[in-house]
Amino acid sequence: MAILLLADHDNAHLSDQTAKALTAAGQIGSDVHVLVAGSGARAAAEQAAKLSGVTKVLLADDASLANNLAEPLAALIVSLAGSYDAIVSAATSVGKNVLPRVAALLDVAQVSEIVEVVSADTFKRPIYAGNAIQTVQSTDAKKVITVRTASFAAAGEGGSASVETVSAAANPGLSTHVQDALSSSDRPELTSAKIIISGGRALGSSEKFQEVILPVADKLGAAVGASRAAVDAGYAPNDWQVGQTGKVVAPQLYIACGISGAIQHLAGMKDSKVIVAINKDEEAPIFQVADYGLVADLFDALPELEKAL
Amino acid sequence: MKLLVPIKRVVDYNVKIRVKADGSGVELANVKMSMNPFDEISVEEALRLKEAGKAEDVVVVSIGPAKAEETLRTALAMGADRAVLVETEDQVEPLAVAKILKGVAEAEQPGLVIVGKQAIDDDSNQTGQMLSALLGWAQATFASKVEIGDGSANVTREVDGGLQTIEVKLPAVVTTDLRLNEPRYASLPNIMKAKKKPLDRKTPADFGVDTSPRLKVLKTEEPSGRKAGVKVKSVAELVDKLKTEAGVL
Ligand SMILES: Cc1cc2nc3c(=O)[nH]c(=O)nc-3n(C[C@H](O)[C@H](O)[C@H](O)COP(=O)(O)OP(=O)(O)OC[C@H]3O[C@@H](n4cnc5c(N)ncnc54)[C@H](O)[C@@H]3O)c2cc1C
Ligand SMILES: Nc1ncnc2c1ncn2[C@@H]1O[C@H](COP(=O)(O)O)[C@@H](O)[C@H]1O
């Protein structure tokens, strides 16, 4: 089985989402080629070549591929698809954007967000916000799959694959990039952090969120997450949302502060190794999944926690 | 221009679903059903574009059982002008939904199709992207802002690192994210009026689409559960347990 894995990167760096999706790809088949599509992306391609289990890296370097626009990227993947049995990507915002487009162009049903590879054509995936797990068998000759990276360990280094260049496909010219407003931060990323501290509606304002959550995050070297309610209210940026429709995370330690524990939030964090909940309502559903629950006012507890660390 | 809004009837987001004991699926009998929340956002966006004079007509479409008419009526009560029900009792996968929607789009000729980012039952997040591919149109997924220009639209998208703005040529497919707007409720008089609004009935065969599934569902099971742990009395006890018992600090 030859597999094409779409790399997640920002040209200079390969994200560790790729290394995690690689683990899933390697369980589907042994001949995994990584596609690095971008502009000035050789550095990312060289990092991909070092991942253990990669047999070849394809580098498509073109201005049309600079911003991950769906149409030129899908056209490129489709142009390469003939040589592969499966096309795989991490379920990042880029993967979720482009892979269904590829699947439709190939007339294939996509298998979204797999959490387990049962065999080369059979996979487990969560439905209903993770309240049920389906085992599905793909009957299409070619598979198109996105991978929930929280469920797979990152592949290690030690590979030395060759980097081959491939040309971009003709750009359909349907969309153009206007601007990115990406948050830059020294904190670890949500999807790779070992510790995450998240705040909910209880924080009350973006000032309070920064005042009580961030110092604890700094002490712990943690990434910061948020509930939908906190994001909707503008206390935290959109890309911090954890949940069914936000990011799915599985850190060693997840600390939920002033979050009630709606199923949509649990969907994004209930596979964390250890869960701590701080909530002043002892009946809050979050306590049903928490290993350690502290019934307290977070405005007292968090400053105290920061001092105790 | 005309706006086409696909809406799906799904188990209400407040319902905690149960897996059938025999592993054959999810218990759907006597469960509250509603419009997929992202589709409410799509309907709202379409209505706002109409109210701003950017569009004339809002057509809603659902592929599903006869009861999906209720969901379409809800959209009509919110303010949509017309509805199309593509009736089928089968479970239709996103690829086949997209093929049917392509047929509807070819008949209706909309300037923009506003699709939800994700149906909260199958959690696929595929249909909009697939439809856009089949039509050969531009796609702008996970939208938190849509501005219609002359023959194009500027769409701000929620992406992993923050926000990205792109310009797409029209016609295009947009998929809606949570922060795009807050959907309105239908008023009682509008619910009454919606009963008389036009609703066309079709079948997948009218669009020549074969809805047989490509994915065989072998089993549906409960996720491995998590048990509630212990309550700690103080921050000091919490820190101590995290260090000595859990070993995560
Ligand atoms: C389609 C859809 C998708 C969704 N996707 C997501 C998603 O991806 N992620 C997500 O998180 N949600 C999602 N939601 C929203 C979800 O249903 C809940 O509304 C949301 O998670 C609630 O956020 P919260 O827990 O911060 O707020 P609330 O439910 O309001 O909870 C606030 C909690 O704070 C506690 N509290 C208040 N004051 C204090 C204090 N001083 N100290 C300590 N505790 C305090 C309260 O006891 C309460 O438990 C989605 C909803 C829909 C419909
Ligand atoms: N049966 C359906 N009828 C109408 N629209 C649908 C249907 N299934 C999916 N959609 C649309 O596609 C979106 C994404 O669904 P999915 O790809 O299944 O996650 C939904 O929010 C709807 O807008």
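In this text, all values refer to a predicted model and were calculated from it rather than measured experimentally. So you know, we letter chains A, B, ... as the sequences are listed, proteins then strands, and number each from 1.
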Is chain A contacted by the side chain of [X], its backbone, both, or neither, given a heavy-atom distance below 4.5 Å?
| X | value |
| --- | --- |
| B:S234 | backbone |
| B:K233 | backbone |
| B:L242 | side chain |
| B:Q139 | both |
| B:V230 | both |
| B:K219 | both |
| B:L249 | side chain |
| B:F38 | side chain |
| B:V239 | side chain |
| B:V15 | backbone |
| B:A246 | both |

Quick one: of B:E221, B:K241, B:K227, B:K16, who has the most non-hydrogen atom pairs under 4.5 Å with chain A?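 Option with the top pair count is B:E221.
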
With chain A, which of B:T141, B:D121, B:T127, B:L95 has the greatest number of heavy-atom pairs at distances under 4.5 Å?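 Result: the option with the highest number of such pairs is B:D121.
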
Among the options [options], pick out the one with the most heavy-atom pairs lying under 4.5 Å from chain B.
| options | result |
| --- | --- |
| A:L302, A:N68, A:V231 | A:V231 |
| A:G246, A:A129, A:A132 | A:A132 |
| A:P237, A:A267, A:S272, A:S184 | A:S272 |
| A:A104, A:A296, A:A91 | A:A104 |
| A:S138, A:A103, A:A74 | A:S138 |

Are the side chain of B:Q164 and the backbone of A:N67 linked by a donor-acceptor contact shorter than 3.5 Å?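 Looks like yes, one N/O pair under 3.5 Å.
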
What closest approach, in Å, do [X] and [Y] show between heavy atoms, and which atom pair accounts for it?
| X | Y | value |
| --- | --- | --- |
| A:Q241 | B:L178 | NE2-CD1, 3.6 Å |
| B:G162 | A:N238 | O-ND2, 3.2 Å |
| B:I166 | A:L69 | CG2-CD2, 3.6 Å |
| B:P223 | A:K270 | CB-NZ, 4.1 Å |
| A:L182 | B:L163 | CD2-O, 3.8 Å |
| B:V19 | A:N131 | CG2-O, 3.8 Å |

Ion pair present between B:R157 and A:D180, side-chain N to carboxylate O less than 4.0 angstrom?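 Salt bridge flag = no for A:D180 with B:R157.
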
Would you call A:D271 and B:R226 a salt bridge, taking side-chain N to carboxylate O under 4.0 Å as the test?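 No.
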
Calculate, to the nearest 0.5 Å, the distance between atoms [atom1] and [atom2] belonging to [X] and [Y] respectively.
| X | Y | atom1 | atom2 | result |
| --- | --- | --- | --- | --- |
| A:N97 | B:K117 | CG | NZ | 11.5 Å |
| B:S124 | A:Q110 | OG | CD | 8.0 Å |
| A:I127 | B:I120 | CD1 | CD1 | 12.0 Å |
| A:Q264 | B:N14 | CD | CG | 7.5 Å |
| B:T156 | A:Q179 | OG1 | CD | 7.0 Å |
| B:L215 | A:S112 | CG | OG | 9.0 Å |

Quick one: does [X]'s side chain get under 4.5 Å of [Y]'s, heavy atoms only?
| X | Y | answer |
| --- | --- | --- |
| B:E167 | A:S175 | no |
| B:W137 | A:L174 | no |
| B:V217 | A:T135 | no |
| B:D160 | A:D239 | no |
| A:I195 | B:V248 | no |
| B:R179 | A:R228 | yes |
| B:L218 | A:T122 | yes |
| B:T165 | A:H177 | no |

Assess the side chains of [X] and [Y]: does a donor N or O sit below 3.5 Å from an acceptor N or O?
| X | Y | result |
| --- | --- | --- |
| A:Q244 | B:D123 | yes |
| A:Q137 | B:R214 | no |
| A:S93 | B:E158 | no |

Part of [X] lying under 4.5 Å from any heavy atom of chain B:
| X | result |
| --- | --- |
| A:K194 | neither |
| A:L99 | neither |
| A:V102 | neither |
| A:A290 | backbone |
| A:E189 | neither |
| A:D10 | neither |
| A:K124 | side chain |
| A:L190 | neither |
| A:I263 | side chain |

Please check if the number of heavy atoms outside A:R187 that lie under 6.0 Å from its CZ is greater than 12.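 Above 12, so yes.
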
For B:Q91, I'd like to know if atom CD has over 12 heavy atoms of other residues, nucleotides or ligands within 6.0 Å.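 Counting neighbours around CD of B:Q91, 12 or fewer heavy atoms of other residues, nucleotides or ligands fall under 6.0 Å, so no.
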
Take A:Q134 and B:D122 through the side-chain hydrogen bond (donor to acceptor under 3.5 Å, both in side chains) test and state the conclusion after the steps. CA-CA 10 Å; A:Q134 243 180 13; B:D122 63 29; over 6 Å; no

side-chain hydrogen bond (donor to acceptor under 3.5 Å, both in side chains) for A:T245 and B:Q118? Distances and angles first, verdict last. CA-CA 8 Å; A:T245 59; B:Q118 169 176 342; 5.9 Å; no

Candidate pair B:E237 and A:Y292, rule side-chain hydrogen bond (donor to acceptor under 3.5 Å, both in side chains), full reasoning: CA-CA 10 Å; B:E237 188 188 348; A:Y292 301 105; over 6 Å; no

